[in-house]
Chemist: 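Shown below is the structure under consideration.
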There are 2 protein chains.
Amino acid sequence: MNNAQILASVDIVALRLTAPQRLELLLIRRAREPFIEQWALPGVLVNGRCADASLDAAAARALDEKARVAPPHLEQVATVGSASRDPRGWSMSTIYLALLCPTTGLEGDDLRFIDLDEVLEGRQPLPFDHAALVAQAYARLTAKAVYTALPLHLLQPRFTVTEALAAFEACLGQAVQHTTLRGRLERMKEKGWIVDTGEKNRPPMGRPQTLLEHRPEPGRVFVFDRSVLV
Amino acid sequence: MNNAQILASVDIVALRLTAPQRLELLLIRRAREPFIEQWALPGVLVNGRCADASLDAAAARALDEKARVAPPHLEQVATVGSASRDPRGWSMSTIYLALLCPTTGLEGDDLRFIDLDEVLEGRQPLPFDHAALVAQAYARLTAKAVYTALPLHLLQPRFTVTEALAAFEACLGQAVQHTTLRGRLERMKEKGWIVDTGEKNRPPMGRPQTLLEHRPEPGRVFVFDRSVLV
DNA sequence: ATAATAGTGTCTGTGAGACATTATGTA
DNA sequence: TACATAATGTCTCACAGACACTATTAT
């Protein structure tokens, strides 16, 4: 049997929604060579010793161990592999997209959130091919935001239409008609994916907002039968 | 540095369209242990020695070396990994979906096509978790057939509407209104993804068929802004 | 003429897009 | 009162779904 000389890892693109339509990316300061001390994506090596039941479990473990974070949504995006992406040799990495709760907090100096655009537009360089991985994961998010309710996982379970609008616009990178979103949320209500709490949120100014509650089916995403933004 | 004890491979779910709305799966007789002599998915080990430029290249190499086949469409579906899926130890496998030309032929006794339903419905068992991988790849194909032109890659570049209808119905597993498909093809024509050859195909009976030509942009798929079959 | 298959036309329903209008709160 | 923000209503348009109807070949 071949004893393969290959590195396998799982890397996580974890995103959090902040104030006005911005997405932030979770970074960790590397504790080991190569690229020690540099800010990079959280991840773990997959070497069969950790008794991970599956790759998905390894991804969840990475987020938990490195950042003490449990994401409402975790989804595999793709696997890349090449001889050049890691100085140690031929390596492959499976990328996961994690959507975090906006209230997610971090502990310690080795963890931080950075504005996603800083990475996407190259102002914050990342080691390995991590910048490309981030772009690929964000592309997946954008694509799914067109025809699914995925962006709702960036919100707290109880949310307002305005917050949902911010989430969709952050994922899509452009404005969305609020009437369109209201229609979609209405359809999700009929299917039981959203319930009206009956309560109101009272902002410092303006009319109170209806408080909705997201009731996602675990591991599934609501799919619309049309696209926004054609 | 850790010398990981892990097996990495690439496995291909290669599909061909035959006569009346049926899909066939490419299988290969295994030349090595484990499961030697059994029919299984074509694949290769990824061990860094083969100088594959990337995982995608490894997938293309697997199809070429094992079956002498070059697919019009090759797409990564997912990566699975666990301790139990291979008797040799913790292993991971990246699944690719390949869509072949209907004229694809095979050489040798170690290659064959089998009706996809035989595998999906469990009448043809496969080693490892290959049956689950096939189901996952077919699910991807079905999902994409709802809102993209992916099934066209199962046809020869020059095709008729009837053939396209068969491709979509095979991927979706149910009937499609031909008027709907005609509308979609019309929109692809306007965008330059399909051209009207002006020529006709003359079947033994009935009105001659318009011959269309598929002009896909390499590596991309035409996306419609609505779903079929809601 | 008849059978067989290809292609068009018509009508309905749904939901996005755009924008005006109304509703409900605070200062 | 004015202002700010939420929510609803109206109208158009594109396209899927269903099905009737017409077109073009062979026998």
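Every chain is numbered from 1 and lettered A, B, ... according to where its sequence line falls, protein lines coming before strand lines.
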Chemist: Without decimals, in angstroms, what is the distance between Leu172(A) CG and dG17(C) P?
Modeler: 10 Å
Chemist: Could you state the CD-P distance from Gln174(A) to dA18(C), rounded to the nearest angstrom?
Modeler: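 Answer to the nearest Å: 10 Å.
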Chemist: Does the plane of the ring in Tyr147(A) sit parallel, tilted or perpendicular to the ring in Tyr147(B)? Use 30° and 60° as the thresholds.
Modeler: tilted
Chemist: To the nearest Å, how far apart are Leu211(B) CG and dT5(C) P?
Modeler: 18 Å
Chemist: Just N and O in the side chain of Gln177(A): are any of them under 4.0 Å from OP1 or OP2 of dA18(C)?
Modeler: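 So the side chain of Gln177(A) is within the cut-off, an N or O lying under 4.0 Å from OP1 or OP2 of dA18(C).
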Chemist: For the pair made of CG in Leu165(A) and P in dA16(C), what is the distance, rounded to whole Å?
Modeler: 14 Å
Chemist: With a cut-off of less than 4.0 Å, is there a side-chain N or O of Thr162(A) near OP1 or OP2 of dT5(D)?
Modeler: no
Chemist: State whether Thr180(B) places a side-chain N or O below 4.0 Å from either non-bridging phosphate oxygen (OP1 or OP2) of dA18(D).
Modeler: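 It does not, given that no N or O in the side chain of Thr180(B) lies less than 4.0 Å from OP1 or OP2 of dA18(D).
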Chemist: For Leu185(B) and dT8(C), give me the distance from atom CG to atom C1', rounded to whole Å.
Modeler: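 Going from Leu185(B) (CG) to dT8(C) (C1'), I get 15 Å.
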Chemist: What's the spacing between Leu152(B) CG and Phe222(B) CZ if we round to 0.5 Å?
Modeler: 10.5 Å
Chemist: How would you label the contact of Pro203(A) with the nucleic acid (heavy atoms, under 4.0 Å): base, sugar-phosphate, or nothing?
Modeler: nothing
Chemist: Between His153(B) and His73(B), how do the two ring planes meet: parallel, tilted or perpendicular, split at 30° and 60°?
Modeler: tilted
Chemist: OP1 or OP2 of dA6(C) less than 4.0 angstrom from a side-chain nitrogen or oxygen of Thr210(B), does that happen here?
Modeler: no
Chemist: When rounded to the nearest 0.5 angstrom, what is the spacing between CD in Glu213(B) and CZ in Arg158(B)?
Modeler: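 Rounded to the nearest 0.5 Å, the CD-CZ separation comes out at 5.5 Å.
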Chemist: Assign each of Arg184(A) and Gln209(B) to its nearest nucleotide of DNA chain C by heavy atoms, then name whichever residue's nucleotide is nearer the 5' end.
Modeler: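 Its nearest nucleotide being more 5', the pick is Gln209(B).
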Chemist: Could you state the atom-to-atom distance from CD of Glu190(B) to C1' of dA14(D) in whole Å?
Modeler: 12 Å
Chemist: So which nucleotide from dA6(D), dA20(D), dA16(C) ends up closest to the side chain of Arg187(A)?
Modeler: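 Out of dA6(D), dA20(D), dA16(C), the nucleotide with an atom closest to Arg187(A)'s side chain is dA16(C).
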Chemist: Can you tell me the distance, in whole Å, between the CZ atom of Arg182(A) and the C1' atom of dT5(D)?
Modeler: 10 Å
Chemist: Does a distance-only test, which skips hydrogens and angles, find a donor-acceptor pair under 3.5 Å between the side chain of Arg226(B) and the base of dA16(D)?
Modeler: no
Chemist: Whole Å only: how far is the CE atom of Met188(B) from the P atom of dA14(D)?
Modeler: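 Value for this atom pair: 20 Å.
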Chemist: Near Glu107(A) CD, under 6.0 Å, is it more than 12 heavy atoms from other residues, nucleotides or ligands?
Modeler: no
Chemist: Using the closest heavy atom to pick a nucleotide of DNA chain D for each, name whichever of Gly206(A) or Lys200(A) lands nearer the 5' end.
Modeler: Gly206(A)
Chemist: With nearest nucleotide decided by heavy atoms, which residue, Arg207(A) or Thr179(A), maps closer to the 5′ end of DNA chain C?
Modeler: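 Going by which nucleotide is closer to the 5' end, it is Thr179(A).
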